[in-house]
There are 2 protein chains.
Amino acid sequence: MSRDNKYDRLKLENQLCFPLYAASKEIVSRYKPALDELDLTYTQYLAMLVLWEHGTISVKDMGKLLYLDSGTLTPLLKKLEQKGYVERRRDSSDERVLNVSVTETGLGLREKALGVPDKIACTLELNSEERAFLCKILHKLLGE
Amino acid sequence: MSRDNKYDRLKLENQLCFPLYAASKEIVSRYKPALDELDLTYTQYLAMLVLWEHGTISVKDMGKLLYLDSGTLTPLLKKLEQKGYVERRRDSSDERVLNVSVTETGLGLREKALGVPDKIACTLELNSEERAFLCKILHKLLGE
DNA sequence: TCAGATTAGGTTGTATACAATTTAATCTTG
DNA sequence: CAAGATTAAATTGTATACAACCTAATCTGA
């Protein structure tokens, strides 16, 4: 057993941030095969989840839900528009606001996406108790 | 209480991946003020953690520890070299290998970094039990 | 009402991430 | 030993992220 060292706290293995960062990337990478079939990246998938649930939403509100700003969302939503999954239209009562809506094509994609969560879940070797606890702690970290 | 819907599993709130992704970004952002003082980004900080611990390490081995590939590490290490924190030198016994070493300046930075973990930890409202459990689950997700 | 403040998106610049490919060095095997 | 396989980095291309700034629209109060 090595003696305590003042530098121990700077060891990679003693960081909580690092496994969080690494696990997040790991999970995202597990989505790739399933999302490739939908022609979506992970972040685009998150945006589609929001749109499937809300139908129409402003860029600002989507940003609040996903913790993303316009610098990320603007180009991403333009790409989703190019793919034909969403429409972007200024709000008629407030031209500053851009409303994003799912198209018919985008709604069709929802059917194909139904199988995605299960495909990922089965690669995670966590039982339901662990999942619940992890979820609770993460939301606490997010200040919710 | 709304009736179960086949689309429920696609709701953002029912994804485990999302809070993981969001929490990871949140924690990284909390490092920013402390790391700005060291002139390091978060990923550069991770690289320095590895280097402080190992002194010298190949790009490949650093990549294994950090789950990063040469596409990310090569430009990052060149930046750390520009800042004077590391040296990059081909291995004399195998010219394919690039060894990265901390410089004196980089070692000096270690002293300034000693306070970083505590600055972050105190912003996380987790008790030690929660921290331990989170750590355990994350390592399980990482397959360790 | 109208000038200054605020707000919502968009743009620019920097820094990751990672897949796919390339290059040079080393290894392996007939 | 020499050709093909393998390996380690580097490079290229695409897609985030986010800070800082810009622009246009809207709001607010004297």
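Convention: sequence-line order gives letters A, B, ...; per-chain numbering from 1. Any value given below was found using the heavy atoms of this structure, including those in side chains, with hydrogens, waters and symmetry copies removed.
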Can you list, pair by pair, the side-chain donor-acceptor contacts under 3.5 Å of residues 107-117 of chain A, counting residues two or more places apart and other chains?
{"from": "R110(A)", "atom 1": "NH2", "to": "W52(A)", "atom 2": "O", "distance (Å)": "3.3"}
{"from": "E111(A)", "atom 1": "OE1", "to": "K6(B)", "atom 2": "NZ", "distance (Å)": "3.0"}
{"from": "E111(A)", "atom 1": "OE2", "to": "Y7(B)", "atom 2": "OH", "distance (Å)": "2.2"}
{"from": "K112(A)", "atom 1": "NZ", "to": "E37(A)", "atom 2": "O", "distance (Å)": "3.2"}

Side-chain atoms of residues 40-50 of chain B: list all donor-acceptor pairs with protein atoms under 3.5 Å, sequence neighbours left out, distances to 0.1 Å.
{"from": "T41(B)", "atom 1": "OG1", "to": "Q44(B)", "atom 2": "N", "distance (Å)": "3.2"}
{"from": "Q44(B)", "atom 1": "OE1", "to": "T41(B)", "atom 2": "N", "distance (Å)": "3.1"}

(request) Whole angstrom is fine here: how far is it from OH in Y31(B) over to P in dC18(D)? (result) 16 Å
Scan [range] for pairs that pass salt bridge (Lys or Arg N to Asp or Glu O under 4.0 Å), counting only residues two or more places apart or in two chains.
{"range": "residues 52-81 of chain A", "result": "E81(A)-R88(A)"}
{"range": "residues 17-30 of chain A", "result": "E26(A)-R30(A)"}
{"range": "residues 123-135 of chain A", "result": "E130(A)-K140(B)"}

Could you pull out the protein-nucleic contacts involving nucleotides 3-7 of chain D (nitrogen or oxygen on both sides, under 3.5 Å)?
{"from": "dT7(D)", "atom 1": "O2", "to": "R96(B)", "atom 2": "NH1", "distance (Å)": "3.3"}

(message) Once ring pair (Phe, Tyr, Trp, His ring centres under 6.0 Å) is applied, what residue pairs with a partner in residues 55-95 of chain B remain, sequence neighbours excluded?
(response) none
(request) May I have all residue pairs that pass ring pair (Phe, Tyr, Trp, His ring centres under 6.0 Å) and include part of residues 114-144 of chain A, sequence neighbours excluded? (result) F133(A)-F133(B)
(message) Check this for me: does any side-chain nitrogen of one of E13(B) and K11(B) sit under 4.0 Å from a carboxylate oxygen of the other?
(response) no
(request) Summarise how protein sits on nucleotides 10-19 of chain C as a single string, 5' to 3': B when a protein heavy atom is under 4.0 Å from the base, S for sugar-phosphate-only contact, - for no contact. (result) BB---SSBBB
